[in-house]
Amino acid sequence: MTGVMTRLGAALFAAAWALPAWAAPAVEQTQQQGRNFHAIAMFAVFVCATLGITYWAANRTRTAADFYAAGGGITGVQNGLAIAGDYMSAATLLGLSSLVYTKGYDGFIYCISFYACWPIIMFLMAERLRNLGKYTFADITSYRLDQKQVRTMAAIGTLTVVIFYLIAQMVGAGQLIKLLFGLPYWSAVVIVGVLMVIYVTFGGMIATTWVQIIKACLLLGGGTAVMLLAFSQFGFNFENLFTQAVAAHKDGIKIMGPGTLLADPVTAVSLGLGLMFGTAGLPHILMRFFTVPNAVEARKSVFIATLCVGFFFCVVCLMGLAAMVIVGKNPAYFEGGDILGKMLGGGNMPAMHLAHAVGGNLLLGFLSAVAFATILAVVAGLALAGATAISHDLYANVFKGGKSTEKEEVRVSKMSSLLIGVLAVGLGIQFEKLNIAFLVGLTFGIAASCNFPILILSMYWKGLTTKGAVWGGIVGLVSAVAIVVLSKSVWVTVLGNAAPVFPYEQPAIFSMPLAFLTAWLVSTLDRSPRAAKEKEAFADQLVRAQTGFGAAGAARH
Amino acid sequence: MSSEIYEKIRRNPRFIEMVAKRNRFAWTLSLIVLVMFYSFILVVAFFPKALATPLWEGATTSVGIPIGAGLILFFWLLTGYYIRRANKEFDTANAEAIKEATR
């Protein structure tokens with residue numbers, strides 16, 4: 001076994017930091033490894049390139065619109081790549097490929113579940129988001145409702161999602177870097193935090209978008225290269241690949257059909273709901289729709305993003321299948337050379353081992369660098385979304401009542417991103433030894449139960465009132481958090497109790513209907529004069545949602 | 001000022017017709033996706049064997065593979081179909097409604 005591979009020989013963090021908890025076993029602690037210079041050199045190139053872009057972007061970031069939304073000057077294709085970049089994480093590459101490697105067809109089912117939200121976002125949300133929004137999704141929910149209350153609610157939803165998701169990414173980054181690069185945990189967390197704050201503070205949305213685009217291309221390119229090299233060993237013949245995979249796998253022909261992973265219908269449907277509608281409520285994804293100049297480009301971005309995500313999932317599945325044969329039968333990738341025993345580096349390593357098997361240390365180093373770059377890009381997007389919620393929603397519209405200047409707003413935003421960066425690094429280091437597998441499930445649960453119901457109701461239902469929106473959001477948030485805390489992943493795994501209070505780990509099937517029901521009930525019972533006015537204002541909102549007339553314009557430059 | 005224009009657009013019969021058509025179209029497509037996706041999930045939960053059937057006599061490839069890949073491809077094509085109709089029909093109707101209202 002070569003030196004690099006032995007350096008990888010420790011338990012890898014689970015897919016947890018970007019996959020929902022159900023796709024992830026516990027987050028394993030990793031051992032710090034010797035330095036991997038291939039990976040570090042390639043990552044250094046990526047960092048230099050992105051810092052160059054940030055410098056270039058800083059010179060173009062003058063107004064609040066530039067800072068928050070890249071002046072609306074991003075094209076549909078660029079934004080599509082950036083959205084795909086936000087969605088395809090290092091965990092998708094490592095976690096999903098390892099799921100296919102161990103479970104076969106079940107992994108494919110997860111890929112399809114991850115993917116199915118995109119057409120819905122296209123049909124029901126993309127255009128209206130673009131036509132109604134300016135910088136944050138609270139611009140849409142507060143369009144005809146009370147600015148202060150609804151924006152505060154939306155900001156709470158955004159910040160909870162951002163902070164939880166950031167902690168999960170930070171811990172994942174620390175574990176990954178310790179393993180792949182051989183750097184200490186804290187230094188990885190600090191590097192990620194510092195770079196994230198630099199991208200966001202100086203380059204705003206323009207820099208964040210380009211970091212995301214570059215990363216998406218690297219991830220697609222790297223994954224495709226590994227897949228093609230591996231698939232060539234099977235003569236690019238599917239039947240041949242499947243036959244050899246079945247012969248190599250301990251479960252044999254069972255890997256060609258659904259297994260035990262989704263046998264419980266409640267969990268299966270709850271996961272589907274949480275993923276589908278959670279994605280449609282993630283603030284950093286929603287924010288991407290305000291960077292394009294009009295609805296035509298917004299539609300195009302979803303079309304491109306859907307293509308990239310779908311293609312990438314197919315690549316990941318083929319990688320997992322090829323790894324069954326190429327990695328699974330090679331004793332060099334297992335502890336003690338026992339192919340029935342533990343894989344070197346832990347359960348999430350098939351994709352990395354496959355890269356090494358078909359492309360040597362260079363391809364392995366490249367894929368490691370791409371994985372780190374991926375985390376950086378995702379945290380930058382998250383930090384920007386959080387900073388915008390603080391400055392645009394809380395500071396400018398709630399505290400200053402819309403009377404602050406653009407300059408002040410951007411300054412507050414930059415300070416907020418610094419604050420979020422410090423907070424994320426601090427919490428990331430604090431949480432090193434904690435099992436954070438629940439965090440991602442929680443993030444998606446909150447996004448699906450707090451952000452999404454208010455957003456979709458405010459766009460489609462005339463009857464929604466301020467009270468209904470606020471109460472619906474609170475109920476969604478509280479019930480999602482309560483279910484996750486009382487379920488096995490926190491109550492037993494983190495808090496150390498004997499048995500969970502609530503039997504299901506996925507909150508969406510319960511908390512989402514609760515949020516919708518509360519919002520509907522409170523709005524219907526709301527007979528105040530303000531409620532009547534708010535319902536009346538829906539007619540104008542609908543015209544703008546449909547036509548984009550009066551929508552926040554494109555860049556002046 | 002914009003409220004007046006919104007009022008005019010809202011009263012434009014072609015706009016009203018477009019909104020109804022677009023709503024029907026978007027919800028129909030969404031329903032197709034939701035029904036296909038959740039049927040797939042329910043087949044996975046209740047009839048997993050159906051997806052494991054070999055694609056042809058003696059094949060290793062199961063019917064689940066083309067069905068899964070087909071879902072991914074079909075959903076993507078649906079988004080393309082939506083764009084085609086939105087770009088041509090809906091955007092034209094919108095542009096005309098705005099033009100008439102601002103004249």
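So you know, we letter chains A, B, ... as the sequences are listed, proteins then strands, and number each from 1. Fair warning: this is a prediction, and the values are worked out from it, not measured in the lab.
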Name the region of A/Ile253, side chain, backbone, both or neither, that has any atom closer than 4.5 Å to a heavy atom of chain B. side chain

Side chain, backbone, both or neither: which part of A/Leu321 has a non-hydrogen atom closer than 4.5 Å to chain B? neither

Please round to the nearest 0.5 Å and tell me the distance separating atom [atom1] of [X] and atom [atom2] of [Y].
X: A/Leu271; Y: B/Ile41; atom1: CG; atom2: CD1; value: 8.5 Å
X: A/Leu241; Y: B/Thr60; atom1: CG; atom2: OG1; value: 10.0 Å
X: B/Thr79; Y: A/Ile120; atom1: OG1; atom2: CD1; value: 11.5 Å

Taking B/Asn94's backbone N and O only, do any of them form a donor-acceptor pair with A/Gln546's side chain (distance below 3.5 Å, no angle check)? no

Is a donor on one side and an acceptor on the other found under 3.5 Å between the side chain of A/Tyr115 and the backbone of B/Ile72? yes

Which bit of [X] is near chain A, if near means a heavy-atom gap under 4.5 Å: side chain, backbone, both or neither?
X: B/Met36; value: neither
X: B/Ile98; value: side chain
X: B/Asp91; value: side chain

Using a cut-off of under 4.5 Å on heavy-atom pairs, state which of [options] scores highest against chain A.
options: B/Pro54, B/Ala26, B/Ala101; value: B/Ala26
options: B/Ala93, B/Ser62, B/Ala50; value: B/Ser62
options: B/Thr102, B/Ile65, B/Val63, B/Thr53; value: B/Ile65
options: B/Phe46, B/Phe90, B/Trp27; value: B/Trp27
options: B/Phe37, B/Phe75, B/Phe40; value: B/Phe37

Which one, [options], leads in non-hydrogen pairs under 4.5 Å with chain B?
options: A/Phe238, A/Tyr460, A/Trp118, A/Phe313; value: A/Tyr460
options: A/Pro119, A/Gly257, A/Cys314; value: A/Pro119
options: A/Val246, A/Val296, A/Val302, A/Ile255; value: A/Val296
options: A/Lys254, A/Met122, A/Lys300, A/Arg299; value: A/Arg299
options: A/Pro258, A/Ala126, A/Ala116; value: A/Pro258

Report yes if the side chains of [X] and [Y] come closer than 4.5 Å at any heavy-atom pair, otherwise no.
X: B/Leu51; Y: A/Tyr105; result: yes
X: B/Arg22; Y: A/Phe123; result: no
X: B/Leu34; Y: A/Met276; result: yes

Can you give me the closest heavy-atom contact between [X] and [Y], atom names plus distance?
X: A/Leu124; Y: B/Ser30; answer: CG-OG, 3.4 Å
X: B/Tyr6; Y: A/Asp540; answer: CB-OD1, 3.3 Å
X: B/Thr61; Y: A/Met256; answer: CA-CE, 4.0 Å
X: A/Glu239; Y: B/Trp56; answer: OE1-CH2, 3.6 Å

Would you say NZ of A/Lys462 has more than 12 non-hydrogen atoms from neighbouring residues, nucleotides or ligands within 6.0 angstrom? no

Anything under 30° is parallel, anything over 60° is perpendicular, the rest tilted; go ahead and classify A/Phe303 against B/Trp76. parallel

